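These notes are about the structure you will find just below.
Remember, it's a predicted structure, so these values are computed and weren't measured experimentally.
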Amino acid sequence: MSVLTVGPGAGHGQDWDDLVRIWEETDAPEGCKVEIIEGIVTVSPPPSKDHNTTAALLQRKLYSVIPDDWGIYQTLGVSVPGRAGLYIPDLVVLPRAVASGPGNRVPAEEVRLVVEITSPANANHDRIGKAHGYAKAGVELFLLLDPWHTGRPTATLYGEPSDGTYRVLEAVEYGETLTLPKPFGLDLDTGIPVS
């Protein structure tokens, strides 16, 4: 992972605009993820095949339960300017109308579910920085699939965001069932491939 630091105060007014411009102009190799995490532009390598398979299998299951006017996206930017963040989650679920039109990002407060699958290079960003950013922005549900969790792979569902923090709604070891609440109403078998 490589990083580009931007001066203090990013995330407010003109500094946020400058940060987004840098993000948009960063020329990364194809397949790499360029994100802004707590005011730092980061470039991560393309995810592994198992990582992509996990995202694809979960996406398939989610399509069976979401409303017809919602979509699931794998490369859509989620803006979290209050945390100087612009994230590219592994999966983001939101009304399709929000994801329509020009541009390549949506406001985090419009997101219904975000999924991050940790990789060795980004695990701490997903567990800490992005979790706080999603909570601060009011993302209703955050599912963290963490095959790199110390000791054993885990799946953790966060919800009820308040003051930049989430409540853990459920945490299970890979292989157990985790339940996504309404509007999803999905019992998720976490025995999917680890990334």
- So does Lys130 pair up with Glu35, basic N to acidic O under 4.0 Å? yes
- Would you name the heavy atoms of Ile88 and Gln74 that are closest together and state the gap between them? CG2-O, 4.2 Å
- Task: Using modelled atom types only, decide if a donor and an acceptor are shared between the side chain of Arg83 and the backbone of Glu38 within a distance under 3.5 Å.
- Result: no
- Got Leu169 and Leu141 here, is their nearest side-chain heavy-atom distance under 4.5 Å? yes
- Query: Checking side-chain contact (heavy atoms from CB on, under 4.5 Å) for the pair Leu86/Val80: CA distance, chi angles, key distance, verdict?
  - Reply: CA-CA 6 Å; Leu86 205 156; Val80 186; over 6 Å; no
- Item | Inter-residue atom distance Leu145.CG - Thr190.OG1, 0.5 Å rounding | 8.0 Å
- Heavy-atom check, side chain of Leu143 versus side chain of Leu188, under 4.5 Å: yes
- Message: Quick check: Tyr134 with Tyr158 (ring centres under 6.0 Å apart)?
- Response: no
- Query: Roughly how far, to the nearest 0.5 Å, is the CH2 atom of Trp148 from the OG1 atom of Thr154?
  - Reply: 13.0 Å
- Please tell me if the side chains of Tyr73 and Leu91 come closer than 4.5 Å, counting only heavy atoms from C-beta onward. no
- Gly159 and Tyr166 have their tightest heavy-atom pair at O-CD2, 3.4 Å
- Query: Roughly how far apart are Leu144 CG and Thr118 OG1, rounded to 0.5 Å?
  - Reply: 6.0 Å
- Message: Can a donor-acceptor pair be found, under 3.5 Å and without considering hydrogens, that links the side chain of Tyr63 to the backbone of Ile72?
- Response: yes
- Item | Leu180 vs Val65 side-chain heavy atoms within contact, under 4.5 Å | no
- What's the shortest heavy-atom distance between Pro153 and Pro147, and which atoms? CB-CA, 3.7 Å
- Rounding to 0.5 Å, atoms CD (Glu116) and CZ (Phe142) come to a distance of 5.5 Å
- So, do Asp69 and Pro95 sit near enough that their side-chain heavy atoms are less than 4.5 Å apart? no
- Message: Would Tyr87 and Val114 count as a side-chain contact (heavy atoms from CB on, under 4.5 Å) here? Give the steps.
- Response: CA-CA 10 Å; Tyr87 312 148; Val114 68; over 6 Å; no
- Considering only heavy atoms from C-beta outward, does the side chain of Leu157 approach that of Val168 to under 4.5 Å? no
- Message: Using every non-hydrogen atom in the two residues, find where Ala137 and Ala108 come nearest and quote the distance to one decimal.
- Response: CB-CB, 3.4 Å
- Between Arg105 and Glu24, is there a salt bridge with N-O shorter than 4.0 Å? yes
- Message: Check this for me: does any side-chain nitrogen of one of Asp187 and Lys61 sit under 4.0 Å from a carboxylate oxygen of the other?
- Response: no
- Query: If you draw a 6.0 Å radius around NZ in Lys33, do more than 12 non-hydrogen atoms from other residues or ligands fall strictly inside?
  - Reply: yes
- Can you name the closest pair of heavy atoms from Arg127 and His149 and give their distance? NH2-N, 3.6 Å
- Query: Are the side chains of His51 and Ser119 in touch, meaning some heavy atoms are under 4.5 Å apart?
  - Reply: yes
- Message: Show, in sequence, the C-alpha distance, side-chain angles and deciding distance for Leu76 and Leu94, and conclude whether the side-chain contact (heavy atoms from CB on, under 4.5 Å) test is met.
- Response: CA-CA 11 Å; Leu76 188 60; Leu94 71 161; 4.1 Å; yes
- Item | Pair His125, Thr42: side-chain N/O donor-acceptor within cut-off below 3.5 Å | no
- Does the Glu170 side chain pair with the main chain of Thr179, one donor and one acceptor, at a distance under 3.5 Å? yes
- Once you round to the nearest 0.5 Å, how far does CG of Asp90 lie from CG of Asp126? 7.0 Å
- Query: Any donor-acceptor pair under 3.5 Å linking the side chain of Asp146 with the backbone of Ala155?
  - Reply: no
- Task: Apply the test side-chain contact (heavy atoms from CB on, under 4.5 Å) to residues Val41 and Thr26: give CA-CA distance (whole Å), side-chain angles for both, the deciding distance (0.1 Å), then the verdict.
- Result: CA-CA 9 Å; Val41 177; Thr26 298; 4.0 Å; yes
- Message: Is there a side-chain contact between Val93 and Phe184 in this structure, where contact means two heavy atoms from C-beta onward sitting under 4.5 Å apart?
- Response: yes
- Measuring from Ile66:CD1 to Gln59:CD, what's the distance to the nearest 0.5 Å? 8.5 Å
